Structures are given as C-alpha cells and as structure tokens.
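All values reported here derive from a predicted model rather than from experimental measurement. Below, chains carry the letters A, B, ... as their sequence lines are ordered, and counting in each starts from 1.
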Protein chains: 2
Amino acid sequence: MAPLPAKPTMKDRILETADRLFYLQGIRAVGVDTIAAEIGISKRTLYNHFPSKDALISAYLARRFVAPRPSDKSPVEQILGTFDSLERRFSAKDFRGCPFVNAVAELGDDRSVRKVAVAFKESRRLWFRDLLVQLGVAEADALSTQLALLVDGSIAQDLVRNDPAMARAAKDAATVLLKNAGVKIGRNTADKRAARKRKS
Amino acid sequence: MAPLPAKPTMKDRILETADRLFYLQGIRAVGVDTIAAEIGISKRTLYNHFPSKDALISAYLARRFVAPRPSDKSPVEQILGTFDSLERRFSAKDFRGCPFVNAVAELGDDRSVRKVAVAFKESRRLWFRDLLVQLGVAEADALSTQLALLVDGSIAQDLVRNDPAMARAAKDAATVLLKNAGVKIGRNTADKRAARKRKS
DNA sequence: GCCAAATTACACAGATCTGTGTACCTATTT
DNA sequence: AAATAGGTACACAGATCTGTGTAATTTGGC
C-alpha cells in the first residue's frame, strides 16, 4: 500500500540480480559467488536469504511467471499486440529467449522446473483461448494452441538468429489463422506498416 | 566405400555417446568422465581423440547438422510430412527439443555455437522455401519463415509439455497457411485422420 | 546511546570438472 | 619375434562450485 519505491529488500536485490544473470548467462553458468559479488554482498548473506541455489532457481522461475494483465483493448488487438510486444522485446539486446524453455533445456528432467514451465505455457494458451472465445471462434482450443506455437516459435528463432523480424512473421501468420477462423481484422487493428501500404 | 557396418571407430563411439548424453542431459550437465565411463574407456583415450571438451561439443553439433535428403514426393507432401515426422519424434521418449536451440540456451553467447545454430535454422528454412518456389508460391520467402516458426514452436512446446499433439497443431496451422497462399492440398496429401473423417 | 538483528570477512570442507603425465599393457603388422 | 600404435590405469594439478562455521562488525529501532 505504500507506493514508495524507496528501498528494495535485500532478498529482492538478490533475486533481481540472480534473475538477470540466470537469464542472460544460463542457470548452470552462474554460481552463487558470482551473484553475491555482483551485488557486492558476502556469500553468507545470500545463503541467509535463500537456503540453497535450488531455492534461488525456484524463486527465479516463480518471479518470471507473470500473468498477462487485463486490458481494455479489443480481443483482436490484444492477440495481435502480443506479437508487437514480442518484437519490441526481441529488439532489446538483453533478450535471451523464454526463461522457462531455457530452464527445461538446461536442467533437463527436473520435476519442479518442468511443472512450472508447463503451467506457464498453459496459462498463456488459456489467455489466448479466452480472447478467442470472446470473438466467438468455434475452435478456440485448437487455434489458441496454434497461436502459442507461433509465439514460442518466434522466440526460439529470435534466440538463435537475433532477428526481431521473426515477431512480424509470427504476427502475419497469426493474422492468416485468425481470418481463416472467421475473425474480422479491422483496419485499425492491423499493423501500421500494412495500413500505410494500403493507403499509398 | 566399404558398406560393412562392422566396427565403429573409437572416435565414433565416443562421439555417439557424447551426442546421446549431451542431448538428453544437457552439455554442461555431462562431464567427460561420465562419457568415458559410459563407454567403458579411460578418460585418457577420450582426450587422445578429442583435444578438449569444446572440440567434442563442436563435433556433437556438427553431427546433428544433417541436411534433409532429397525426396521424390510432391512438395506439399514433403512440407506437411515434416510435421508427421516431428510427431513421430515427439512420441519417442528420448526427444528433448532442438539440440541447437538447447545449446544456444545453455551456452549463451558462444560464437561458434550460435553460428552453427543459425546455419542450421537457415538451411531448413531454405529447404522449405525451395519447395514453396516449386509450388509457385509468390511469397515463398515469408511463408518459409512462418513454416519454420511452426516447426520450432512445436518443438519448444513439446519440450516442456511432452505432448506430440503439438506437431498436429503445427501441421494444421501450416495447412491453413499453405491454402491461404494458393496451394492446393490434395485429398491424398492430407493426413489420414482428416481423410477418414471426411469419408464417414 | 544501546541492543538486537543483519551483514561481513574469511577460511574451509567436500564435490566435481577439465586436462595432463606416465608407466604399463595388448593387439596387429611386418 | 620385434616394433608400432592404440588403449589402460591411475594419480594428480588446478579450477570452480555449493554450502557451512565463526567471530567481528555494522546498522537500524527504541
């Protein structure tokens, strides 16, 4: 309730730093010493807040699990807007793919990691599905899965290629899929580049 | 020239084992001792064939870089067939995502790894593009990128969800995209489940 | 200013990992 | 039978990593 952004807790500082390093360099690649040194605290302090590196990893993934906030935009705008914000994130030089996919890739069959990763993917698919239901799409379930594929596909491609255009490609494909499902894409909901093209 | 599959070289045995372990458990997660022990050779022998673990990693990735072999099937069958074989691979319990994406995810900004990963992704996109050109698709470049997104998206989703149905979803989306580009999908090129449904 | 809690410095245990050095062994070839 | 190549056993160096123990010190609340 106190909106003062004043002092971040020590625990928060540790978590924020661990998040950044884990995400950018990989979980196995970053040791607890490195994290402590980065903040300028002693390793002992870190272990006073997190009992083990595993606990830190769990907290890292939990922190990354943010539900999409409700929006007053139209469902179509929200769906297609997803790809616009993806493109923005791809353009940032500190983007390194999906933290959940990366964690599963490097931590393998770790139960808890897989579990939270699945939950995250499913929560985003359900977000898509809800919007599609609002649009009256009959096969909302199947289409939401396909949209999720496009999201993760563009993320994986950008991870290796470092090419934000992958988000546009995904958006274009998503537009086709939506139209095919009977969704009307209004002029204003379409992206600006295409709109400019149309007018010229 | 000798088609005898008789004796695999020691180097091949090392590489084959490293491949399996790196892929299934992650590159950082597998030590050279583990690889040597798995084969039942001494660590010294391993280092007599590969000067360093890095060299072994490079060889592993190079080995995974297989170009799709030419086929006499129709372009549409080849494109859609890609998703069928993906589904088959997803169903195998030793499937653990794309080795190149995984390697980039866990090894981070390693130059050489990124390079080979980009080359692999691009080679597959060009394979798609070539087939689309054969089909007379105007926007073969854009569409090939979108198909590649679907491939990588289904791989990423299957990696976390362990659900081969992701391949079907990708195939369905790909079919829509192809039709939208003016490609005729014949009865026989469509998947069997849909065909059965149609007849009933 | 005092007290309790948080933080620090730092050494250290124990595991694991990459890579090397060396002496010995065991095939195959000539 | 001798020589050569390849493999083995095994110890070890040196780095790195997780996690702990402890005593001293700083910090914030009262």
For the atom pair CG (A/D130) and OG (A/S144), what is the distance rounded to the nearest 0.5 Å? 10.5 Å

Would you indicate whether the side-chain heavy atoms of B/F95 and B/I155 approach each other to under 4.5 Å? yes

How many Å lie between CG on A/D33 and P on D/dT16, as a whole number? 10 Å

Quick one: closest heavy-atom pair of A/L46 and A/V32, and the distance? CD1-O, 3.9 Å

Give, ordered by number, those residues of residues 35-54 of chain A having at least one heavy-atom distance below 4.0 Å to an atom of DNA chain D; if nothing qualifies, reply none. A/K43, A/R44, A/Y47, A/S52, A/K53

Heavy atoms of B/D158 and B/M166 approach each other most closely as N-CG, 4.2 Å

Any ion pair linking A/E106 and B/R28 (charged N to carboxylate O, less than 4.0 Å)? no

Which heavy atom of B/A173 sits nearest a heavy atom of A/Q146, and at what distance? CB-OE1, 3.6 Å

Hydrogens and angles aside, do B/T17 and B/D19 bring a side-chain donor and acceptor to less than 3.5 Å of each other? no

Distance check needed: C/dC17 C1' versus A/R28 CZ, whole Å only. 12 Å

A/L56 CG to D/dG19 C1', straight-line distance once rounded to whole Å: 13 Å

Could you tell me the separation between the CD1 atom of A/I27 and the P atom of D/dT16, rounded to a whole number of Å? 21 Å

Selection: residues 14-21 of chain B, any non-hydrogen atom under 4.0 Å of DNA chain D: none

Begin with the C-alpha distance, continue with both residues' side-chain angles, and end with the deciding distance and a verdict on side-chain hydrogen bond (donor to acceptor under 3.5 Å, both in side chains) for B/E77 and B/S74. CA-CA 5 Å; B/E77 280 173 321; B/S74 78; 3.3 Å; yes

